[in-house]
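Below is one structure, written out as structure tokens, with a few remarks after it.
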There are 2 protein chains.
Amino acid sequence: MGITKAAYFTDAQNELADIAKALGNPARIAILDHLAKVNSCICGDLVTELPLAQATISQHLKELKNAKLIKGNIDGNAVCYCINHEVFNKFKAYLNIFSNANDNANTCCP
Amino acid sequence: MGITKAAYFTDAQNELADIAKALGNPARIAILDHLAKVNSCICGDLVTELPLAQATISQHLKELKNAKLIKGNIDGNAVCYCINHEVFNKFKAYLNIFSNANDNANTCCP
DNA sequence: TTTATATATCGCAATATTACGATATGCTTT
DNA sequence: AAAGCATATCGTAATATTGCGATATATAAA
């Protein structure tokens with residue numbers, strides 16, 4: 001992406017941006033949607049489920065794992081993936097800083 | 001980014017990915033952090049606050065506005081920006097599909 | 001009306017992301 | 001040991017993002 005000035009921002013800001021970036025792709029959302037539905041599955045299941053090549057799915061799984069949004073456990077010669085609830089909850093907690101359910105007011109000047 | 005196969009995914013998946021993508025940059029998180037703190041401010045305030053050029057801040061504001069995460073109101077010769085709480089709440093509601101606070105179990109196979 | 005202030009847009013260079021075929025790695029079964 | 005299955009990694013082409021200086025646009029003040 002060009003020069004991202006991560007050094008100029010706080011650790012919390014960079015960490016939140018990294019999680020959001022991992023969520024910022026429809027294929028990865030589709031992977032998470034499927035994981036939420038079936039609780040856990042292997043890479044091959046997702047290759048069947050989604051219109052993407054095996055290499056592409058594997059790459060997306062790697063990015064979700066780097067962001068710690070999912071966990072992967074070796075299961076024979078396959079890898080079983082599932083959602084990492086702790087990181088999702090942490091992410092949602094940070095989002096509450098920006099806006100919480102009670103706060104519906106339009107605070108713009110006009 | 002190369003070929004993003006948005007057409008292969010649902011509207012909801014693409015919409016969520018677009019919002020997350022807008023959140024996926026530390027400068028934009030810093031902008032939202034500042035907006036959450038001061039409620040509303042103009043572009044020039046952010047230029048003072050953040051270590052980025054005016055053109056860069058303006059571009060980030062545009063992307064946050066495209067994702068509807070913020071609103072902008074013309075105020076004299078300036079533009080007053082504030083957080084759009086409805087979109088944040090919608091985003092958080094979608095995240096609950098993946099994980100909710102009660103759901104802390106590790107559901108991986110091993 | 002000229003000048004200042006505030007923001008947006010253009011054009012560019014540097015870098016990141018996405019997707020895939022080919023291939024490597026590593027377990028299982030035969 | 002050999003063959004098969006499952007996943008990861010490499011290399012590459014196409015495209016997107018980031019950041020900025022320069023410049024355009026529009027309102028406000030002098």
Side-chain angles (χ1 to χ4, degrees), chain A residues 1-9 13-14 17-31 40-67 70-82 108-110, chain B residues 1-9 13-14 17-31 40-67 70-82 108-110:
Chain A
M1 280 175 205
I3 313 120
T4 301
K5 301 188 150 185
Y8 294 162
F9 302 102
Q13 286 167 340
N14 283 311
D18 284 344
I19 295 173
K21 195 182 290 182
L23 289 171
N25 177 285
R28 291 196 288 270
I29 296 295
I31 288 172
S40 72
C41 74
I42 64 172
C43 175
D45 294 340
L46 294 162
V47 175
T48 307
E49 194 73 22
L50 303 179
L52 295 169
Q54 183 271 324
T56 308
I57 302 273
S58 184
Q59 193 177 289
H60 282 309
L61 286 169
K62 188 183 180 184
E63 279 173 70
L64 287 170
K65 218 172 110 187
N66 282 345
I70 62 173
K71 300 178 195 173
N73 286 70
I74 295 169
D75 178 26
N77 62 343
V79 178
C80 180
Y81 288 101
C82 67
C108 257
C109 333
Chain B
M1 284 177 203
I3 311 120
T4 302
K5 300 189 152 185
Y8 295 161
F9 302 103
Q13 287 168 339
N14 283 311
D18 283 344
I19 294 173
K21 195 182 289 181
L23 289 170
N25 177 284
R28 290 195 288 270
I29 296 294
I31 288 173
S40 71
C41 73
I42 64 172
C43 175
D45 294 339
L46 294 163
V47 175
T48 307
E49 195 73 21
L50 303 179
L52 295 170
Q54 183 271 324
T56 308
I57 302 274
S58 184
Q59 193 177 287
H60 282 309
L61 286 168
K62 189 184 178 182
E63 280 172 70
L64 287 170
K65 220 172 109 187
N66 283 346
I70 61 173
K71 300 179 195 173
N73 286 69
I74 296 168
D75 178 27
N77 63 343
V79 177
C80 180
Y81 288 101
C82 67
C108 258
C109 333

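These numbers come from the heavy atoms of this one structure, side chains and all, not from hydrogens, waters or symmetry mates.
The CD1 atom of B:I70 sits 13 Å away from the C1' atom of C:dT7 (whole-angstrom rounding). Residue B:I42 contributes atom CD1, which lies 13 Å from atom P of C:dT5 at whole-angstrom precision. The CG-P distance, from B:L50 to C:dT7, rounds to 13 Å in whole Å. Put simply, CZ on B:R28 is 8 Å from P on D:dG19, counting in whole angstrom units. Following rounding to the nearest Å, B:Q59 (CD) and C:dC12 (P) show an atom-to-atom distance of 15 Å. Straight-line distance from the CG atom of B:D18 to the P atom of C:dT17: 17 Å, rounded to whole Å. When rounded to the nearest whole Å, the span between CG of A:N66 and P of C:dT18 equals 12 Å. Going from atom CG of B:L61 over to atom C1' of C:dT7 covers 10 Å, rounded to whole Å.
Applying the 4.0 Å criterion to OP1 and OP2 of C:dA19, one finds that A:T56 has every side-chain N and O outside that range. Taking only side-chain nitrogens and oxygens, B:N25 never comes nearer than 4.0 Å to OP1 or OP2 of D:dT17. Phosphate proximity of D:dT18 to A:Y8: absent, as no side-chain N or O sits under 4.0 Å from OP1 or OP2. Listed pair A:H60 / C:dA19 meets the phosphate criterion, a side-chain N or O lying under 4.0 Å from OP1 or OP2.
Comparing A:A55 and A:E63 against DNA chain C, the residue whose closest nucleotide sits nearer the 5' end is A:E63. Nearer the 5' end of DNA chain D, as judged by each residue's closest nucleotide, is the contact made by A:G44, out of A:G44 and B:Q54.
With rounding to the nearest 0.5 angstrom, the SG atom of B:C80 is 8.5 Å from the CD1 atom of B:I42. To the nearest 0.5 angstrom, A:F9 atom CZ is 4.5 Å from B:L52 atom CG. In this structure, CG on B:L50 lies 6.0 Å from CD1 on B:I31, to the nearest 0.5 angstrom.
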Would you please test B:C43 and B:V79 for side chain to side chain contact (heavy atoms under 4.5 Å, CB included) and show each step? CA-CA 7 Å; B:C43 175; B:V79 177; over 6 Å; no

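Residues passing the side chain to side chain contact (heavy atoms under 4.5 Å, CB included) test with A:K62, sequence neighbours excluded: A:N66.
The stretch residues 45-58 of chain A participates, sequence neighbours left out, in no side chain to side chain donor-acceptor pair (under 3.5 Å) pair at all.
Taking the side chain as every heavy atom from C-beta outward, B:L23 and B:R28 never approach each other to under 4.5 Å.
Out of D:dT9, C:dC20, D:dC20, the shortest distance to the side chain of B:L52 is found at D:dC20.
B:A78 comes within 4.0 angstrom of sugar-phosphate atoms only, judged by non-hydrogen atoms across all strands, and of no base.
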What pairs of nitrogen or oxygen atoms, one from the protein and one from nucleotides 24-28 of chain D, lie under 3.5 Å apart?
from   : atom 1 : to    : atom 2 : distance (Å)
D:dT27 : O2     : B:N77 : ND2    : 3.4

